[in-house]
Amino acid sequence: MSIQHIGVIGAGTMGNGIAQACAVAGVPVTMVDISDAAVQHGIATITKSLDRLIKKEKLTEAQRDAALALIKGSTSYDDLKGADLVIEAATENLELKLRILRQVEGLVGDSTVIASNTSSISITQMAAVLAKPERAIGLHFFNPVPMMALVEVIRGLQTNDATHALAVAFAEKLGKTPITVKNQPGFVVNRILCPMINEAIFVLAEGAASAEDIDTGMKLGCNHPIGPLALADMIGLDTMLAVMNVFYDGFNDPKYRPAPLLKEMVAAGRLGRKTGRGFYSYE
């Protein structure tokens, strides 16, 4: 099955990043969100991102204009009807995602693949709400989507081979490297990454070192490009907490217990970069 039209639900960080990657690869994409303001903000973010690539001489103005012409913003799910693949990129909330998936399946054709960009929620569980669960799959992109080369392709228990093949082909069409992973909490990358970040928060709370020294230690001692606490701020501490809770509930293992300081930071509204303050100040 050829990929002629992609639908993306969500114009936020992940949604607009996926839409940009599609458009730059020459794939027409419809990006849907609940309000015109959200859609326009997403398109403006894509435009700024493409302009930065022009300044870095990685893109020409003609290529930027061609990419933007392939992106349609919309507040109507009806505009997803002709899509070969629809990717849900909403907030990491199970009930919201299930509601979106049901709504999408009621509109698209029988052969349309329905994917979720979830970073931790069970694909098998989400597929179960569909009349055709075999067409459900996980496509976990990494932030920032235009820059990050990896896509985790997650097969649910019900996912068939045709759905998996299309998902892999789509990732490759975008110039990404897909890896196929088993459906389990956190899949592979976040299963390793998020507990490491959580442990760094425990270390900070215990007073073993400052946030700056913890991050410097991991950058220089482990050759990480960014420290775990700065990365947590980039991800969003509320997202980090949600992911750790999924691990804790999914594995029933106390080693995934969210750090109390993480819970306290979220309760205080210190969520990282998006609120101007997390483990560091961005004000």
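Quantities reported herein were computed from a predicted structural model and do not represent experimental measurements.
- Side chain of T47 to main chain of I43: a donor-acceptor pair is present (N/O by atom type, distance under 3.5 Å, no hydrogens or angles).
- Inspection of the T163 and N160 side chains reveals an N or O donor paired with an N or O acceptor under 3.5 Å.
- Put simply, the side chain of T159 never gets that close to the backbone of I137: no donor and acceptor are under 3.5 Å apart.
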When the side chains of residues 223-243 are checked against the rest of the protein, which donor-acceptor pairs come out under 3.5 Å, sequence neighbours left out?
from : atom 1 : to   : atom 2 : distance (Å)
D233 : OD1    : F279 : N      : 3.0
D233 : OD2    : F279 : N      : 3.1
D233 : OD2    : Y280 : N      : 3.0
D233 : OD2    : Y282 : OH     : 2.8
D238 : OD1    : K274 : NZ     : 2.8
D238 : OD2    : K274 : NZ     : 3.0

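- Counting only distance, with no hydrogens or angles, the side chain of E152 and the backbone of V188 share a donor-acceptor pair below 3.5 Å.
- Side-chain atoms of K176 come within 3.5 Å of backbone N or O of M148 as a donor-acceptor pair.
- Not a single donor-acceptor pair under 3.5 Å links the side chain of T216 to the backbone N or O of D213.
- Atom CE in M14 sits 6.0 Å away from atom NE2 in H140 (nearest 0.5 Å).
- Remark: R191 qualifies as a cation-pi partner of F251 under the 6.0 Å distance and 45° angle criteria applied to the six-membered ring.
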Please list, one pair per line, the donor and acceptor atoms closer than 3.5 Å that link side chains of residues 85-94 to other protein atoms, with sequence neighbours excluded.
from : atom 1 : to   : atom 2 : distance (Å)
E88  : OE1    : K97  : NZ     : 3.3
E88  : OE1    : S116 : OG     : 2.5
E88  : OE2    : A90  : N      : 2.7
E88  : OE2    : K97  : NZ     : 2.5
E92  : OE1    : T118 : OG1    : 3.4
E92  : OE2    : T118 : OG1    : 2.7
E92  : OE2    : S119 : N      : 3.0
E92  : OE2    : S119 : OG     : 3.2
E92  : OE2    : S120 : N      : 3.0
E92  : OE2    : S120 : OG     : 2.9
N93  : OD1    : E95  : N      : 3.2
N93  : OD1    : L96  : N      : 2.9

Indicate every side-chain donor-acceptor pair of residues 30-37 with a distance under 3.5 Å to a residue at least two apart or in another chain.
from : atom 1 : to  : atom 2 : distance (Å)
T30  : OG1    : H5  : NE2    : 2.9
D33  : OD2    : A11 : N      : 2.8
S35  : OG     : A38 : N      : 3.1

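- Side-chain atoms of T275 come within 3.5 Å of backbone atoms of L271 as a donor-acceptor pair (strictly under, hydrogens ignored).
- Without hydrogens or angle criteria, S281 side chain to R277 main chain gives no donor-acceptor distance under 3.5 Å.
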